[in-house]
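Beneath this line is the structure, given in structure tokens, with notes to follow.
Hydrogens, waters and symmetry mates are skipped; everything else that's a heavy atom, side chains included, is used. Residue numbers start from 1 in every chain, and the chains themselves are labelled A, B, ... in the order their sequence lines are given, proteins ahead of strands.
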There are 2 protein chains.
Amino acid sequence: MTPAVGSPASEAGTRPRVEGDREQQILDATLDVLADVGYDRLTMDAVAASARASKATLYRRWSTKPALVIDALCSMKEPHEVPDTGTLRGDLIAMFCGMGGLTDERQLVILGSVITAIGRDQQFAAAFRSQFIGPKAALSLGVFERALERGEIRDDVDLDIVVPALPGIVLHRQFLMGEVADAGSIERVIDQIILPAVAVGPRHSHDPKDPT
Amino acid sequence: MTPAVGSPASEAGTRPRVEGDREQQILDATLDVLADVGYDRLTMDAVAASARASKATLYRRWSTKPALVIDALCSMKEPHEVPDTGTLRGDLIAMFCGMGGLTDERQLVILGSVITAIGRDQQFAAAFRSQFIGPKAALSLGVFERALERGEIRDDVDLDIVVPALPGIVLHRQFLMGEVADAGSIERVIDQIILPAVAVGPRHSHDPKDPT
DNA sequence: GTCTGACGGAACGGAACCGTTCCATCGAGG
DNA sequence: CCTCGATGGAACGGTTCCGTTCCGTCAGAC
């Protein structure tokens with residue numbers, strides 16, 4: 001499968017030279033293969049073929065397959081900063097339903113592809129968590145902290161538990177139950193689990209009219 | 001749709017060269033290898049070696065690797081029936097912290113090992129969901145329905161969302177965040193997410209299906 | 001005691017990968 | 001124009017795994 005990332009300048013037989021983004025092209029090809037066959041079945045040959053590079057080039061830059069894959073994961077676009085919609089509900093929807101969120105097909109497939117590797121390669125797991133999970137978790141944490149400042153949620157909420165709950169529920173539905181995550185299902189989880197769990201007292205106030 | 005897997009031992013006379021549980025021994029060995037190296041890297045040779053069987057024997061009974069693994073998964077012990085502790089909280093803890101629950105190391109490792117296969121083998125995924133996920137989900141559903149009858153939880157709770165939430169959260173913490181699930185962490189999730197989400201009491205409806 | 005047949009073990013050819021090496025080619029800088 | 005360095009492509013030997021086949025063994029059926 002040819003990566004959609006066609007080099008703008010070079011085409012039609014001319015050999016793609018190292019234009020600086022050559023490395024990114026290879027990493028993109030790595031992600032394509034990763035999404036296609038998974039981590040365990042990803043081979044350097046397949047990556048080389050997909051990137052129209054030679055294995056020699058690959059090994060010149062990355063000594064091992066884990067190193068290449070980790071680099072590829074790190075090269076993925078980070079989710080945008082989450083816009084302040086004024087409510088926790090709006091922020092969560094904006095964050096998880098947008099690009100780079102839980103409805104991003106490619107990202108979900110890749111996520112599932114590396115779970116095996118996470119369980120069996122400590123170094124891989126560490127890199128994955130700090131580079132991939134970390135930024136997303138930080139963003140999500142920020143959303144909840146904003147809600148905390150607004151007084152939208154209880155002040156005794158354990159963010160370590162609450163913050164990862166939403167992706168956990170959605171990913172579980174996706175991977176193990178076979179549902180395709182869309183905005184609607186994510187909203188249902190937010191409305192029926194997350195918001196009730198953090199709601200303030202008996203009064204369930206998710207009022208958008210209280211911007212701190 | 002089970003591929004050519006004879007229901008053995010009950011048949012008289014014909015079979016058991018060794019013992020009727022020889023098949024189960026092989027399936028157990030399969031689970032061992034599965035937990036050890038994962039689905040993609042599981043080889044028939046490794047299973048044969050682990051079971052001290054010959055590959056010929058394996059292929060005599062299971063035509064392919066997916067068939068063998070599916071049979072192995074199906075042979076795993078089902079979780080016990082959940083004792084009625086009198087409260088939803090007690091039932092959840094009893095169910096998920098006990099054997100076959102979310103603290104069962106072997107089961108968790110195997111779970112992570114097959115996620116790759118689930119995403120890429122439709123037949124495998126279907127068998128896995130009906131044989132592995134299905135019974136657990138049914139048990140969990142029963143626990144919540146019992147709570148519903150007790151009047152412990154709101155009667156407008158969407159069980160399709162709520163029931164899989166707990167395993168989702170815990171598995172996410174385990175696989176992606178690298179936490180080891182123990183009774184304490186599961187209890188925290190129950191107390192801070194699940195119970196608040198289903199607790200009786202006033203609740204604003206965020207249900208998009210109710211656009212009053 | 002003999003026959004039967006499933007068994008474990010070993011080996012096979014073929015295929016896929018790995019990591020390396022060699023080489024012709026092409027782009028850029030001198 | 002010409003050299004130099006990085007590249008793509010192809011091939012290598014070595015390893016692993018697949019699915020099959022053959023064979024000697026041994027417990028139960030007869």
Side-chain angles (χ1 to χ4, degrees), chain A residues 2-3 5-30 33-34 36-69 71 116-117 120-121 124, chain B residues 3-30 33-34 36-69 71 113 116-117 120-121:
Chain A
T2 309
V5 201
S7 49
S10 61
E11 198 51 48
T14 70
R15 173 156 50 184
R17 203 65 177 172
V18 58
E19 295 287 324
D21 64 349
R22 184 71 186 118
E23 180 161 315
Q24 187 56 50
Q25 290 176 13
I26 294 178
L27 295 177
D28 285 340
T30 304
V33 177
L34 193 60
D36 201 25
V37 304
Y39 178 84
D40 284 326
R41 290 190 167 156
L42 176 142
T43 68
M44 300 301 261
D45 294 84
V47 172
S50 174
R52 286 176 197 159
S54 99
K55 276 198 300 176
T57 304
L58 263 53
Y59 280 106
R60 234 170 259 136
R61 304 198 185 184
W62 298 276
S63 58
T64 63
K65 161 173 141 180
L68 170 62
V69 174
D71 258 26
T116 318
R120 289 185 181 77
D121 186 329
F124 187 97
Chain B
V5 177
S7 324
S10 51
E11 301 279 343
T14 56
R15 285 303 273 295
R17 158 96 173 156
V18 189
E19 298 284 324
D21 62 351
R22 184 68 183 122
E23 180 163 313
Q24 187 57 49
Q25 291 176 13
I26 294 178
L27 294 178
D28 284 340
T30 303
V33 178
L34 193 60
D36 200 25
V37 303
Y39 177 83
D40 284 326
R41 289 189 168 155
L42 175 142
T43 69
M44 300 300 261
D45 295 85
V47 173
S50 174
R52 283 170 198 161
S54 97
K55 276 199 299 176
T57 305
L58 263 53
Y59 280 105
R60 232 170 261 138
R61 303 198 184 184
W62 298 276
S63 58
T64 63
K65 162 174 142 180
L68 170 62
V69 174
D71 258 27
S113 300
T116 318
R120 289 185 183 76
D121 186 329

Legend entry - Residue B/Arg61, side-chain atoms from C-beta onward, closest of C/dA6, D/dT7, D/dG19: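 Looking only at side-chain atoms, B/Arg61 lies closest to C/dA6.
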
Legend entry - Step-by-step side-chain contact (heavy atoms from CB on, under 4.5 Å) determination, A/Arg61 to A/Asp71: CA-CA 11 Å; A/Arg61 304 198 185 184; A/Asp71 258 26; over 6 Å; no

Please state how far atom [atom1] in [X] lies from atom [atom2] in [N], giving the value in whole angstrom units.
X	N	atom1	atom2	answer
A/Arg22	C/dG27	CZ	P	14 Å
A/Tyr59	C/dT20	OH	P	7 Å
A/Leu58	C/dT20	CG	P	12 Å

Inset, instruction - Return the 5'-most residue of the pair A/Ser63, B/Ala53 with respect to DNA chain C, ranking by each residue's nearest nucleotide. - result: B/Ala53

If you define the side chain from C-beta out and look only at heavy atoms, does anything of [X] sit under 4.5 Å from [Y]?
X	Y	result
A/Val69	A/Phe124	yes
A/Thr30	A/Leu42	yes
B/Leu68	B/Met44	yes
B/Glu23	B/Ile26	no
A/Thr57	A/Arg22	no

Inset, instruction - Would you indicate what A/Arg60 reaches in the nucleic acid, counting non-hydrogen atoms under 4.0 angstrom: base, sugar-phosphate, or nothing? - result: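 Answer is base: heavy atoms of A/Arg60 come under 4.0 Å of a base.
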
Legend entry - Over all atoms of both residues, closest heavy-atom pair of B/Gly38 and A/Arg120: N-NH2, 3.2 Å

Inset, instruction - Identify the two heavy atoms, one from B/Ala29 and one from B/Ala51, that lie closest to each other, and give their separation to 0.1 Å. - result: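 Closest heavy-atom pair between B/Ala29 and B/Ala51: CB-CB, 3.5 Å.
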
Taking only nitrogen or oxygen atoms into account, show me every contact under 3.5 Å that the protein makes with nucleotides 10-13 of chain C, one pair per line with its distance.
none

Inset, instruction - Would you jot down, in residue-number order, the residues of residues 38-45 of chain B having a non-hydrogen atom under 4.0 Å from DNA chain D? - result: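 Going residue by residue through residues 38-45 of chain B, the ones with a heavy atom under 4.0 Å of DNA chain D turn out to be B/Leu42, B/Thr43, B/Met44, B/Asp45.
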
